[in-house]
Peer 1: 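Pasting a structure here, questions to come.
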Amino acid sequence: MPARLLLAGAGHVHLHLLHRAAALRAAGLAPVLISPARFHYSGLAGAVLAGALPESANTVDVAALAAARGVPHLDGLLERVDTAARRAWLADGRWMDFDLASFNLGSVAAAPAALLDAPGVCAVKPLGGLATLRRRLVAEIEARERCPALVVAGGGASAHEVAASLAALARRHGVAPRVALLGPAPGGKDGWAPPAALRTLRRNLAGQGIALVEGRAVARRPGACVLEDGTDLPCDMLVLATGLRAHALVAELGLPVDARGRLRLTSALHSVADPAIFAAGDCAVVEGHPRPMVGVFGVRAAPVLHHNLAVHAAGGKPAAFRPQRRWLAILDLGDGTGLAARGRLWWHGRAALWLKRRLDLGFVRRMRAAGEAQP
């Protein structure tokens, strides 16, 4: 009898597994996917928020892909998993038993609950919320004929890109941007790009009319966000890009996790405490190789995970995954240019954005094509 394989979540990694589901079945596995019906691709989220691309541009029909590859799909949210009993429950009460599982649940915004739950606050993750934010802002701009006061909290790459996207959205609708980027001064924590690239990036944002404010938001009040020094910053909408944590479900599995709630893995991509529980992407981290939550690591891990699931069922030697130390990051700056960085190398200009669009649209196109054709 085939071993029942639970695929929890539909991120970059599990899209790859769906694409190659026939090989998993040939190895003696019976995969079942639990996830929402649509996947939102992070690489195009900035362009969608800016209005440069339609809302549908960064979505993949996961249900169609699963159906095309013969994988049963339970459309819904995973609520609880008992790894000892090998049983998983959906939020609507449905459940399934499994023999081994793979988690690709992604990440959520790391911010105090008092901010996340406050009115007039939107987090960059889950990504589906950015399309809602775009619609809301467009409605307000058209009704008031001016841009609401927008504050993006965070000092990393995502915060800079979101701020640029919001400014581009305002310009696209004929009003002057009112956007502030609130975060720490550029320094050691911005290790995703060299200092010269960060200076160029911030000059670009300032040139687009984006205010660069040092500080940290600790509370919300009508028309303002409160900074840690007690001052108010004008704010109609606060967008949280302050960092990421693994999906909360991961910490509830009863297996070892790191300080950001990520499942701790061996190089074979299974839990350090349970060889039948696999994971990849933002919700997991390989022991001894801490890396930021960036989609490229999930893309690179996917073939290794596919191989190791197959050999776990059929017998064989697992492969080792060691995430690379340098990776290509490209930001969409909303003004027709991009900023690309890999290690100490970086460049800014239209060519960087062209490369980003080519890579990102190509990924979405391949996943959609896989869902339209039988294997």
Side-chain angles (χ1 to χ4, degrees), residues 4-21 24 29-43 45 58-67 69 71-83 86-92 94-96 98 100-109 123-129 244-253 255 257 260-265 269-271 274 276-285 293-306 308-309 363-364 367 370-371:
R4 298 161 296 182
L5 168 61
L6 164 64
L7 299 178
H12 298 78
V13 181
H14 283 177
L15 292 181
H16 176 87
L17 297 189
L18 290 177
H19 188 62
R20 302 196 62 198
L24 293 176
L29 293 171
V32 176
L33 175 68
I34 297 179
S35 79
R38 290 195 172 273
F39 163 73
H40 294 269
Y41 176 54
S42 59
N58 72 328
T59 62
V60 174
D61 189 337
V62 175
L65 177 57
R69 301 298 161 174
V71 176
H73 174 226
L74 303 182
D75 179 4
L77 297 175
L78 192 62
E79 184 172 76
R80 185 164 70 90
V81 178
D82 187 332
T83 56
R86 302 296 198 233
R87 178 168 290 185
W89 288 265
L90 281 77
D92 61 10
R94 288 177 292 169
W95 56 272
M96 68 166 284
F98 61 89
L100 67 162
S102 175
F103 290 87
N104 188 207
L105 295 171
S107 54
V108 296
V124 296
K125 289 237 179 152
L127 288 172
L244 300 172
R245 290 185 55 83
H247 191 289
L249 181 66
V250 177
E252 299 170 1
L253 296 176
L255 298 171
V257 298
R260 299 171 73 181
R262 297 182 292 185
L263 192 66
R264 290 165 49 196
L265 306 178
L269 298 179
H270 63 66
S271 166
D274 189 335
I277 304 298
F278 291 78
D282 285 0
C283 72
V285 61
M293 295 180 178
V294 180
V296 65
F297 298 114
V299 173
R300 295 289 181 88
V304 179
L305 178 61
H306 182 274
N308 290 351
L309 287 169
F363 175 84
V364 172
M367 290 300 106

Peer 1: Report the residues that fulfil side-chain hydrogen bond (donor to acceptor under 3.5 Å, both in side chains) with Arg86, sequence neighbours left out, ordered by chain and then residue number.
Peer 2: Asp274
Peer 1: Is the side chain of His306 donor-acceptor paired with the backbone N or O of Arg20 at a distance under 3.5 Å, no angle test?
Peer 2: yes
Peer 1: Roughly how far, to the nearest 0.5 Å, is the CG atom of Leu253 from the CG atom of Leu105?
Peer 2: 8.0 Å
Peer 1: Please give me the minimum heavy-atom distance between Leu78 and Ala88, naming the atom from each residue.
Peer 2: CD1-CB, 3.9 Å
Peer 1: What heavy-atom pair brings Leu5 and Ser102 nearest, and what distance separates the two atoms?
Peer 2: CD1-N, 4.2 Å
Peer 1: Decide side chain to side chain contact (heavy atoms under 4.5 Å, CB included) for Leu244 and Arg260; before the verdict, give the C-alpha distance in whole Å, the side-chain angles of both, and the deciding distance to 0.1 Å.
Peer 2: CA-CA 8 Å; Leu244 300 172; Arg260 299 171 73 181; 4.3 Å; yes
Peer 1: If you look only at distance, which donor and acceptor atoms sit under 3.5 Å apart when one is on a side chain in residues 276-284 and the other is two or more places apart or in another chain?
Peer 2:
{"from": "Asp282", "atom 1": "OD2", "to": "Ser107", "atom 2": "OG", "distance (Å)": "2.8"}
{"from": "Asp282", "atom 1": "OD2", "to": "Lys125", "atom 2": "NZ", "distance (Å)": "3.3"}

Peer 1: Could you walk me through whether Asp82 and Trp89 pass the side chain to side chain contact (heavy atoms under 4.5 Å, CB included) check?
Peer 2: CA-CA 9 Å; Asp82 187 332; Trp89 288 265; 3.9 Å; yes
Peer 1: Would you name the heavy atoms of His14 and Gly9 that are closest together and state the gap between them?
Peer 2: ND1-O, 2.6 Å
Peer 1: Name all residues meeting the side-chain hydrogen bond (donor to acceptor under 3.5 Å, both in side chains) criterion together with His40; count only those two or more places apart in sequence or in a different chain, and write none if there are none.
Peer 2: none
Peer 1: Taking the side chain as C-beta and beyond, is there a heavy-atom pair between Leu29 and Leu100 under 4.5 Å?
Peer 2: yes
Peer 1: Taking only residues two or more places apart in sequence or in another chain, which ones pass side-chain hydrogen bond (donor to acceptor under 3.5 Å, both in side chains) with Arg4?
Peer 2: Asp99
Peer 1: For Leu305 and Leu269, work out which heavy atoms get closest and say how close.
Peer 2: N-CD1, 3.7 Å
Peer 1: Roughly how far, to the nearest 0.5 Å, is CG of Leu17 from CG of Leu33?
Peer 2: 9.5 Å
Peer 1: With sequence neighbours left out, write down each residue that passes side-chain contact (heavy atoms from CB on, under 4.5 Å) with Val299, or none if nothing qualifies.
Peer 2: His12
Peer 1: Run the salt bridge (Lys or Arg N to Asp or Glu O under 4.0 Å) test against Arg245 and tell me which residues pass, sequence neighbours left out.
Peer 2: none
Peer 1: Search all heavy atoms of Gly76 against all heavy atoms of Ile34 and return the closest pair with its distance.
Peer 2: O-CG2, 4.2 Å
Peer 1: Side chains of Leu18 and Val62: closer than 4.5 Å at any heavy-atom pair?
Peer 2: yes
Peer 1: Under the salt bridge (Lys or Arg N to Asp or Glu O under 4.0 Å) test, which residues partner Arg80, sequence neighbours left out?
Peer 2: none
Peer 1: Does Arg94 have any salt bridge (Lys or Arg N to Asp or Glu O under 4.0 Å) partners at least two apart in sequence or in another chain, and if so, which?
Peer 2: Asp92
Peer 1: With sequence neighbours left out, what residues match Ala248 under side-chain contact (heavy atoms from CB on, under 4.5 Å)?
Peer 2: none
Peer 1: Mind listing the closest non-hydrogen atom pair of Val257 and Ala251 along with its distance?
Peer 2: CG1-CA, 4.2 Å
Peer 1: Enter the distance from Leu74:CG to Leu90:CG here, rounded to the nearest 0.5 Å.
Peer 2: 5.5 Å
Peer 1: Could you walk me through whether Met96 and Leu6 pass the side chain to side chain contact (heavy atoms under 4.5 Å, CB included) test, one step at a time?
Peer 2: CA-CA 8 Å; Met96 68 166 284; Leu6 164 64; 3.8 Å; yes
Peer 1: Start with the C-alpha distance between Asp61 and Leu65, add both sets of side-chain angles, then the distance that settles side chain to side chain contact (heavy atoms under 4.5 Å, CB included), and finish with yes or no.
Peer 2: CA-CA 6 Å; Asp61 189 337; Leu65 177 57; over 6 Å; no
Peer 1: In chain order, what residues pass the side-chain contact (heavy atoms from CB on, under 4.5 Å) check against Val60, with sequence neighbours excluded?
Peer 2: Phe39, Val364, Met367
Peer 1: Within a strict 4.5 Å, meaning less than it, do heavy atoms of the Leu24 and Val71 side chains meet?
Peer 2: no
Peer 1: State the OG1-CG distance between Thr59 and Leu127, to the nearest 0.5 angstrom.
Peer 2: 11.5 Å
Peer 1: For Arg300, give me all partners under side-chain contact (heavy atoms from CB on, under 4.5 Å), at least two apart in sequence or on another chain.
Peer 2: Val296, Phe321, Gln324
